[in-house]
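Written out below as structure tokens is the structure these notes cover.
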Amino acid sequence: MSESLKRIRIIAGKEIIEFVRDWRTLLATILIPLILFPALFIVLPLLLQSEAAELEALELDVVVQGDVHEDLVAALKGDRMVVIIEALPSDIANLSDPGSDGERLRNNEIDSILRMQVSGNNTWNYSILQFSTSEHSSQARSRVLTQLWAWESEVVNRSLLEKGLDPDTTLDPVKWDGSLSAADTATSGEQAGMILSLFIPMALAIWTASSAMQPSIDMTAGERERGTLEALLCLPCSRIELLSGKWLAVASIAGVSVGLQVVGLIFAITYLASSSFIAIPTMSITSILLIATAVILFAIMVVAFELALAMKAQSVKEAGTLLAPSIILIVFPALFTQVINLDGIESWWFAIPLVNVLLALRELLLDRIIIEHVVIWALSSMFYSFLAAWFASRQFKREDLVASLS
Amino acid sequence: MAETLIQLHGVKKTFAEIEALSHVDLEIMSGQIIGLVGGNGAGKTTLLRLIAGTYSPTKGEVTFGKEPLSAMRHKLGVVPEATGLYHRLTAWENIRYHSRIHGVDDEVAWNRTVQLAKLLDMEDSLSRHTKGFSKGMRQKTSLIRALAHGPEALLLDEPTAGLDVTSARAVRDLVVKLRDEGGTVIYSTHQLAEAQQVCDRIVIIHNGTIRADASPNELLEQTGCDNLEEAYVQLTSDKARSRTEDDVKEGRLAKWWRKLLTSSTPEVAEDE
């Protein structure tokens, strides 16, 4: 091993040892990425499901006012609702006017009010009053509406039958034949790739940038602030070796962090696939290797850029102020990239910094390998990585690095 | 006879429009303790950083022996004013990190570290994490770290500042021992008494220029003073420069914004 590479390895090794000895940063680097996707894909749906079941089991208080049909009242009672029958208030302009009933809803005395009035031969006007910021009231409205539509359907069917018409052919004359999913020629694996391509590139890009941020700041502005940088700059190693060592350390930490996130993602997808919620995306080995290449090139660029920005700062606080907005610089293009139509996309999109990697990841998750696009994003990413490294090397060569705020 | 180890020839150092050092010629002989004495902002640290290689001269050159300094940095040991220890590493790990970058084998560095630690009475602390070390312990660790690779010259920036009497004495004793063994030490300090006690040669720096370069006794003879303090005052009688707020390197927008949100300070009344 050449002396220069040896020094780079020593610098990187020391940075990593120092980093992993802080259990709080280690927790943020290992535990959070590992549980992020399982928490999003498994725990969150389970929590939502449990909350919905709890709401569904509630017995709700509903007031029915006006011309009440006993079949409808029976249906409401059968859907876990306590029904109180009242006359229509006299002080309202129309059925949607809450009048004095508004306060009863706002005070949670009752959950919803169904008002009905016969307006002609077999026709009704109605309204459902609710307090929409109350979950109980929204749930009551939803249940009342469901039962009302079912009852309306019965009324319509009965009328059609009385006129000698078949409700099925009269109301639904155009019908789908066969299964909806069988008509889609995309495989379930390709469909899964499509769904995942809408958020995985963004998640990977944001996590790569955010996981590199803390170590970048600690190893540059942190060193300046703690006064350790001057002693380091007096050593017989070049600034480029110093940058390379620190870059290697940050890239390793970010790489482990992103790798763990991918492990969590694979676990979550496998779990969901076992419950037939989503299939495992189908991707060729070439696509997987190209995805790894795209993420590595992106990481080279981001880590070098973050190290350079952090090195410009004289304190950790200043570095945080400089680097925090850089996440927004990633989030906006990432969001924008999600809506770009990949079919017939112009090749120049694959030369725009950041957008190129995000689009490449989207295409590759769909297992689309378009040579022209691959060449453009690979070359442009290398160029941007080189630019970022050059910018970082300029920052590391500055003489005022030894000066601290104090 | 002592040989020239480090030579500064016509060295000038400027930062933007500020001239930190003007035309410095200095020869540092091997086997001597050279004291750099001067007030705050005189240029001592700039001179040390030029010798350490963290700054490059704007004009002139710094050589080590007959080689450019950049090629000889492995022959220097540096203790900056901020000791610069990593608090999540032990004292020995801090020392080993620098030794490894110097290309020194761990075993060689360890043997030397133990010798020096015994001299400084800190052999029991080598395995401790430096977080929580006292200022004295930090300075001693930093000193061992600068010496563990066996440098020919040691640069010390205010090595006894803030130390208790015992620690300061231990540092001074080590410096003298190094000189006695043939080493060269460049020692920056505010303390004239300390310089007189330790240094073979005193270089007085004021406003970026060298005002005197002689042994303590020669300085007294040249100035005709009874003590070094008087000699120093005589040699630096012109008003010391001070940096204005505008000298601080900062973006125009940042400076304007900060001033905009700063309330005015009352005027200082003239003495009657």
Side-chain angles (χ1 to χ4, degrees), chain A residues 1-26 215 218-219 222-239 241-242 244-246 249 312-314 318 321-322 396-406, chain B residues 13-16 20 45-46 48-58 69-90 93-104 106 129-131 138 141-142 145-146 149 151 155 157 248-251 254:
Chain A
M1 195 190 303
S2 79
E3 285 301 308
S4 183
L5 281 177
K6 195 174 166 186
R7 282 193 288 270
I8 290 169
R9 191 182 59 80
I10 292 166
I11 293 166
K14 174 256 152 193
E15 297 293 359
I16 290 170
I17 286 171
E18 217 197 350
F19 192 80
V20 298
R21 280 189 186 168
D22 183 3
W23 69 271
R24 286 162 298 194
T25 45
L26 198 63
D218 189 57
M219 291 175 202
E223 283 231 38
R224 280 185 87 170
E225 196 172 83
R226 293 188 294 270
T228 51
L229 193 62
E230 183 172 1
L232 194 57
L233 294 172
C234 294
L235 295 174
C237 65
S238 70
R239 303 278 175 111
E241 286 167 0
L242 189 62
S244 305
K246 286 178 182 290
K312 274 181 86 73
Q314 287 193 315
E318 200 180 314
T321 311
L322 271 173
F396 270 68
K397 282 180 184 167
R398 282 168 41 204
E399 279 196 331
D400 63 346
L401 291 187
V402 290
S404 66
L405 277 176
S406 60
Chain B
K13 184 66 188 171
T14 55
F15 298 102
T45 300
T46 303
L48 271 181
R49 285 174 177 167
L50 281 162
I51 299 170
T54 49
Y55 284 162
S56 301
T58 310
L69 180 80
S70 56
M72 307 301 280
R73 289 173 72 186
H74 60 284
K75 294 197 172 181
L76 294 173
V78 185
V79 179
E81 191 178 357
T83 49
L85 298 180
Y86 299 99
H87 65 257
R88 286 185 218 124
L89 300 185
T90 64
E93 284 171 337
N94 270 286
I95 295 161
R96 187 181 61 185
Y97 177 46
H98 279 215
S99 295
R100 282 180 174 175
I101 292 180
H102 276 288
V104 175
D106 283 357
H129 287 92
T130 58
K131 189 175 187 179
R138 297 179 67 81
T141 310
S142 184
R145 187 178 65 178
H149 66 284
L155 313 185
D157 195 0
V248 179
K249 194 181 173 189
E250 192 179 25

Check your understanding: Could you state the interatomic distance from CG (A/Leu229) to OG1 (B/Thr54), rounded to the nearest 0.5 Å?
Key ->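 A/Leu229 atom CG to B/Thr54 atom OG1 measures 10.0 Å (nearest 0.5 Å).
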
Exercise for review: Measure the NZ-CD distance between B/Lys13 and A/Glu399 for me, rounded to the nearest 0.5 Å.
Suggested key: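 Between atom NZ of B/Lys13 and atom CD of A/Glu399 there are 3.0 Å.
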
Review point. Can A/Glu230 and B/Arg49 be counted as an ion pair, charged N to O under 4.0 angstrom?
Key: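 Result for this pair is yes, salt bridge flagged.
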
Quick check on [X] against chain A: is it the side chain, the backbone, both or neither that has a heavy atom closer than 4.5 Å?
X       : value
B/Arg96 : neither
B/Ser56 : both
B/His87 : both

Review point. Between B/Lys75, B/Met72, B/His74, which shows the greatest number of heavy-atom pairs under 4.5 Å with chain A?
Key: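 The candidate making the most pairs under 4.5 Å is B/His74.
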
**Study point:** Leading residue by heavy atom contact count with chain A [cutoff under 4.5 Å; candidates B/His98, B/Glu81, B/Arg100]
**Key:**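 Counting heavy-atom pairs under 4.5 Å, the top option is B/His98.
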
Point to revise | Structural part of A/Glu241 lying under 4.5 Å from a heavy atom of chain B | key: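 For A/Glu241, no heavy atom lies under 4.5 Å from chain B.
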
Review point. By side-chain contact (heavy atoms from CB on, under 4.5 Å), which residues pair with A/Glu18, not counting sequence neighbours?
Key: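 Only A/Lys14, A/Glu15, B/Tyr86, B/Arg88, B/Leu89 meet the side-chain contact (heavy atoms from CB on, under 4.5 Å) criterion with A/Glu18.
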
Exercise for review: Tell me, with the steps shown, if B/His102 and A/Leu235 meet side chain to side chain contact (heavy atoms under 4.5 Å, CB included).
Suggested key: CA-CA 7 Å; B/His102 276 288; A/Leu235 295 174; 3.4 Å; yes

Exercise for review: Provide the closest heavy-atom pair for A/Ala231 versus B/Gly84 in the form atom of the first, atom of the second, distance.
Suggested key: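 Scanning both residues completely, I find the closest heavy atoms to be CB-O, 4.5 Å.
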
